[in-house]
Amino acid sequence: MALKQLDHVRWLLDKDFKAGMRVTGLIYGDSYIIQNLEKEGALEQIANVACLPGILKHSYAMPDVHWGYGFPIGGVAAFSMDDGIISPGGVGYDISCGVRVMLTFLDQDEVKPHIDELTAAIFTKVPCGVGSKGAIKIGESDLLDVLANGALWAVKKGYGTKEDLECIEESGRLPHANASYVSKKALERGKPQLGTLGSGNHFLEIQVIDEIYDENVARRFGLNLGQVTVMIHCGSRGLGHQVCDDYIKVMLRAMTKYGIKVPDRQLCCAPLKSQEAREYLGAMQAAANYALANREIIGHMVRDVFLRFFPKAELKLLYDVSHNMAHIEKHELDGVIMDVCVHRKGATRAFPPDHPSLPEKYRPVGQPVIIPGSMGTESYILVGTKRGMEECFASTCHGAGRVLSRKAAMKSEDADTVLKRLEQKGIKVMADQMGTIREEIPEAYKDVSRVVDVVEKAGISRKVARLRPLAVIKG
DNA sequence: ATGTTC
């Protein structure tokens with residue numbers, strides 16, 4: 001057995017597991033999570049990532065890990081800027097897919113009597129579902145502006161406030177975006193979709209804070225028991241998908257050109273110093289800016305609707321963070337601080353207290369981390385820790401993580417039964433397509449509280465609060 | 001995730 005248990009929640013995948021592994025695998029999980037890992041091929045993928053050139057320390061797997069395109073979802077891998085690589089498969093098809101939480105100044109008792117109308121009004125306002133479009137109309141030059149400026153563009157156009165920006169990662173704008181590396185096809189797909197939620201696991205929830213674990217941090221974040229919040233989970237839509245598709249082809253050519261050998265073609269990549277890497281980074285950051293703008297615009301639309309019902313709602317942004325990104329960040333290795341390229345695919349950046357990238361108001365406690373649960377289950381707010389910074393490149397989990405494939409989930413139950421069950425729990429659900437409801441049944445996912453307990457026990461982030469859904473909008 | 005198989 002190549003997996004060595006280090007403590008209750010840490011497992012080391014030995015280099016003997018597979019020929020070509022340059023580093024060990026470090027997996028966070030309890031025994032249930034480790035069992036699931038073996039049966040679905042994720043373990044093999046963790047080992048494959050460990051074979052990539054220039055990988056640093058470990059190939060990491062968070063407790064929500066499961067099989068993905070090339071890299072596992074829930075995987076983290078950092079690469080040296082000197083001899084490392086960048087890979088579209090390590091970011092994922094939905095570039096900068098991520099999540100934000102907005103805080104109302106309303107108690108659940110004020111909102112509950114209006115929840116049906118409120119949810120219906122948001123459902124009408126925010127287009128959702130596969131191929132959804134038409135939230136706002138922009139031309140080619142505005143789209144280029146979005147790709148260059150992210151959420152800053154949205155705020156400039158009145159879709160959001162200046163105060164939002166400091167609570168978005170990278171202040172809402174990735175600086176090395178370069179739209180000239182984004183294909184015409186990607187631009188065409190993205191133009192009509194700005195301000196739309198999309199489909200799959202994307203959602204919009206109205207929630208209530210029903211448990212506080214850390215009073216001090218919760219106070220700093222502005223979280224109170226009974227307070228209503230809004231969570232938005234979506235990404236870069238067809239534009240990001242097309243960028244990934246385009247650059248997988250570029251990287252397959254680059255592998256031949258640079259003589260890179262990988263155990264799985266889906267891990268195709270290019271040296272970080274190459275022109276191909278520069279172009280992917282520019283295109284990926286442009287797609288990420290699209291996603292940041294998208295969440296800012298949707299947030300603004302939700303704010304509009306809430307204010308119509310409740311003039312004092314406010315909807316202050318707690319934080320907006322991506323969980324599908326490669327970032328070039330400073331990390332300490334063997335006592336030396338250096339730039340490294342951290343791929344987080346279905347994993348969340350979680351900066352510790354005092355990190356210079358954090359807005360000043362969060363510096364004393366650390367970065368808010370947002371962990372959505374599966375449909376109808378609780379979500380969590382965590383906070384980044386020093387140990388996470390030192391041990392796993394400031395990373396943590398991103399959600400519940402699938403245990404059933406979309407296809408397998410589709411077979412299990414009809415949508416009406418799922419909706420009825422959620423209704424009995426007092427959760428209002430509105431969806432564009434019933435197929436999505438079946439794909440997203442809670443049984444298709446791990447228990448998010450189990451996942452969060454693992455990262456807390458490991459000390460790579462800490463629980464702050466739990467959010468219970470009142471209403472869910474699905475694509 | 002995705003104009004859910006250009």
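Hydrogens, waters and symmetry mates play no part in the numbers below; they use all other heavy atoms, side chains included. Below, read A as the first sequence line, B as the second, and so on, with proteins coming before strands; counting in each chain starts at 1.
With DNA chain B read from its 5' end, the first of the two nearest nucleotides for Val130(A) and His202(A) is the one closest to His202(A).
Across the protein-nucleic acid pair, Ile248(A) atom CD1 and dT2(B) atom P stand 15 Å apart, rounded to whole Å. Whole-Å rounding puts the Ile73(A) CD1 to dT2(B) P distance at 13 Å. Summarising the geometry, the separation between CG on Asn294(A) and C1' on dT2(B) is reported as 14 Å, rounded to the nearest angstrom. As rounded to whole Å, 11 Å separates atom P of dT5(B) from atom CZ of Arg406(A). Rounded to whole angstrom, the span from the OH atom of Tyr69(A) across to the P atom of dT2(B) amounts to 17 Å. One atom, CD1 of Ile437(A), and another, P of dT4(B), lie 20 Å apart when rounded to the nearest Å. Atom-to-atom, CG of Asp432(A) to P of dT2(B) comes out at 12 Å; the value is rounded to the nearest Å. Distance CZ (Arg438(A)) to C1' (dT4(B)): 13 Å, rounded to an integer number of Å.
Across all strands shown, Ser236(A) has no heavy atoms under 4.0 Å from either base or sugar-phosphate atoms. Counting non-hydrogen atoms under 4.0 angstrom, Lys185(A) reaches a base of the nucleic acid. Base contact: Gln433(A) has a heavy atom under 4.0 Å from a base atom. Among the heavy atoms of the strands lying under 4.0 Å from Gly238(A) are primed sugar atoms or P, OP1, OP2 only; no base atom is included.
Tyr181(A) and Tyr280(A) have their aromatic ring centers separated by at least 6.0 angstrom.
Rounded to the nearest 0.5 angstrom, Ile27(A) CD1 and Leu3(A) CG are separated by 5.0 Å.
A salt bridge does not link Asp245(A) to Lys185(A): none of the charged side-chain nitrogens sits closer than 4.0 Å to a carboxylate oxygen.
Relative orientation of the His331(A) and Phe393(A) rings is perpendicular, given thresholds of 30° and 60° on the angle between their planes.
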